[in-house]
Amino acid sequence: MKALSKKRRHPLAAVALLLFGLLITGSLYTAAGNISEAKAAETTTASQADVEEGQKLFVANCATCHGMNAEGSDSGPSLIGVGAASVDFQVGTGRMPMQMQGPQAQVKPVQFDDEQISQLAAYVASLGAGPAIPDEEYLDTTQGDAAHGGTVFRVNCAMCHNAAAAGGALTRGKFAPTLTGVSEKHIYEAMATGPQNMPVFNDSNITPEEKRDVITFLKTIEANGSAGGAALGSLGPVAEGLFTWTAGLGIIIAFTIWLTSRPS
């Protein structure tokens with residue numbers, strides 16, 4: 001035991017232990033990365049034909065800004081590793097291709113049909129692993145918890161989209177859009193990919209089940225409308241206070257005019 005104790009206290013023991021720890025940590029990190037890539041590959045069911053058709057569509061409609069190989073340019077970012085979900089969101093909501101350069105892409109009529117969008121997504125997904133288009137089980141609001149989704153939304157999203165999901169202004173001409181009328185799939189993809197100025201909420205930040213809860217909450221308040229009457233744009237107490245002040249002042253002025261116009 002004394003001999004074993006002496007060996008354990010050898011000056012190089014700490015260095016050896018540190019190297020061993022780094023080796024184990026590196027191995028676990030690599031294994032986790034391989035598992036993530038494998039899962040991303042499993043969710044990609046596109047055929048090679050879809051990838052080839054998507055490449056043709058990309059070259060004809062997207063390469064001007066994003067480069068011939070999606071490597072990016074001065075006019076657009078690289079799309080390598082953004083995943084199928086990002087393409088499905090950007091193209092499926094009409095934000096891409098952009099109509100003009102500006103602070104952020106604007107929603108407009110969709111330029112491609114569902115098959116073409118799937119082909120574009122398949123091509124970009126083939127360039128590098130990234131968030132996949134969500135499974136239907138995570139879009140089913142009948143399985144979601146609206147109350148918990150409301151809590152998650154208020155903690156992570158309300159500071160930009162406001163508590164009623166009506167949207168809000170950001171800096172330098174940018175804005176957080178309203179979430180009313182947005183499909184379940186596109187809401188999920190936005191959380192997973194972080195379009196525009198939105199941060200990415202990966203599965204470590206907000207789990208797929210919590211994303212479903214958020215979607216359930218948004219669809220619940222969209223269906224129920226404003227419980228307090230006139231929503232006034234759902235912009236919060238500032239808009240409500242301004243309306244009350246303006247309306248009240250108008251009533252006072254009208255009453256004053258009526259009083260002073262009475263015959264003596």
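Note that this is a predicted model, so its numbers are computed, not measured.
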**Asked** Does any N or O in the side chain of Thr207 come within less than 3.5 Å of the main-chain N or O of Glu210, such that one atom is a donor and the other an acceptor?
**Response** yes

**Request:** Quick one: closest heavy-atom pair of Tyr123 and Gly54, and the distance?
**Result:** CB-C, 3.7 Å

**Asked** Rounded to the nearest 0.5 Å, how far does CD of Gln143 lie from OH of Tyr138?
**Response** 10.0 Å

**Request:** Report yes if the side chains of Ser75 and Thr64 come closer than 4.5 Å at any heavy-atom pair, otherwise no.
**Result:** no

**Asked** How are the rings of His66 and Phe58 set to each other: parallel, tilted or perpendicular (split at 30° and 60°)?
**Response** tilted

**Message:** I'd like to know if Lys219 and Glu222 make a salt bridge, using a cut-off of under 4.0 Å between side-chain N and carboxylate O.
**Reply:** yes

**Prompt:** Taking the side chain as C-beta and beyond, is there a heavy-atom pair between Val91 and Gln111 under 4.5 Å?
**Reply:** no

**Request:** Begin with the C-alpha distance, continue with both residues' side-chain angles, and end with the deciding distance and a verdict on side chain to side chain contact (heavy atoms under 4.5 Å, CB included) for Ile117 and Val110.
**Result:** CA-CA 10 Å; Ile117 294 172; Val110 181; 4.0 Å; yes

**Asked** Are any side-chain N or O atoms of Gln104 and backbone N or O atoms of Phe175, one a donor and one an acceptor, separated by less than 3.5 Å?
**Response** yes

**Minimum heavy-atom distance between Ala190 and Phe89, given as atom pair plus value** = CB-CE1, 3.9 Å

**Message:** I'd like to know if Met191 and Val82 are part of one continuous hydrophobic network [Ile/Leu/Val/Met/Phe/Trp/Tyr, side-chain heavy atoms within less than 4.5 Å].
**Reply:** no

**Asked** Ignoring hydrogens and geometry, is there a side-chain-to-backbone donor-acceptor pair from Asn69 to Glu71 under 3.5 Å?
**Response** no

**Asked** When you look at CD of Gln48, are more than 12 heavy atoms from neighbouring residues, nucleotides or ligands closer to it than 6.0 Å?
**Response** yes

**Asked** Between Ile257 and Thr260, what is the shortest heavy-atom contact and its length?
**Response** O-OG1, 3.0 Å

**Message:** Please evaluate residues Glu209 and Arg212 with respect to the criterion salt bridge (charged side-chain N to carboxylate O under 4.0 Å, His left out), reporting the C-alpha separation (whole Å), side-chain torsions for both, the decisive distance (0.1 Å), and the verdict.
**Reply:** CA-CA 5 Å; Glu209 291 77 15; Arg212 180 176 59 198; 5.3 Å; no

**Asked** Ignoring hydrogens and geometry, is there a side-chain-to-backbone donor-acceptor pair from Thr178 to Gly167 under 3.5 Å?
**Response** no

**Asked** Counting distance only, does the side-chain N/O of Asp88 pair as donor-acceptor with the main-chain N or O of Ala84 below 3.5 Å?
**Response** no

**Item:** Atom of Pro177, atom of His161 and distance for their closest heavy-atom approach
**Value:** O-ND1, 2.9 Å

**Item:** Atom of Ser78, atom of Ala70 and distance for their closest heavy-atom approach
**Value:** OG-O, 3.3 Å

**Message:** For the backbone of Ala49 and the side chain of Glu52, can you confirm whether one donor and one acceptor N or O come within less than 3.5 Å of each other?
**Reply:** no

**Message:** Can a donor-acceptor pair be found, under 3.5 Å and without considering hydrogens, that links the side chain of Asp213 to the backbone of Asp145?
**Reply:** yes

**Prompt:** So, Asp135 side chain and Glu137 main chain: donor-acceptor pair closer than 3.5 Å or not?
**Reply:** no

**Asked** Does the side chain of Gln90 reach to within under 4.5 Å of the side chain of Pro195, using non-hydrogen atoms?
**Response** yes

**Prompt:** Is Met198 reachable from Ile215 through a run of hydrophobic residues whose side-chain heavy atoms are each under 4.5 Å from the next?
**Reply:** yes

**Student check: side-chain heavy atoms of Leu170 and Cys160 closer than 4.5 Å** = yes

**Request:** Using modelled atom types only, decide if a donor and an acceptor are shared between the side chain of Lys211 and the backbone of Phe201 within a distance under 3.5 Å.
**Result:** yes

**Prompt:** Which atom names give the shortest non-hydrogen contact between Lys108 and Gly94, and what distance separates them?
**Reply:** NZ-O, 2.6 Å

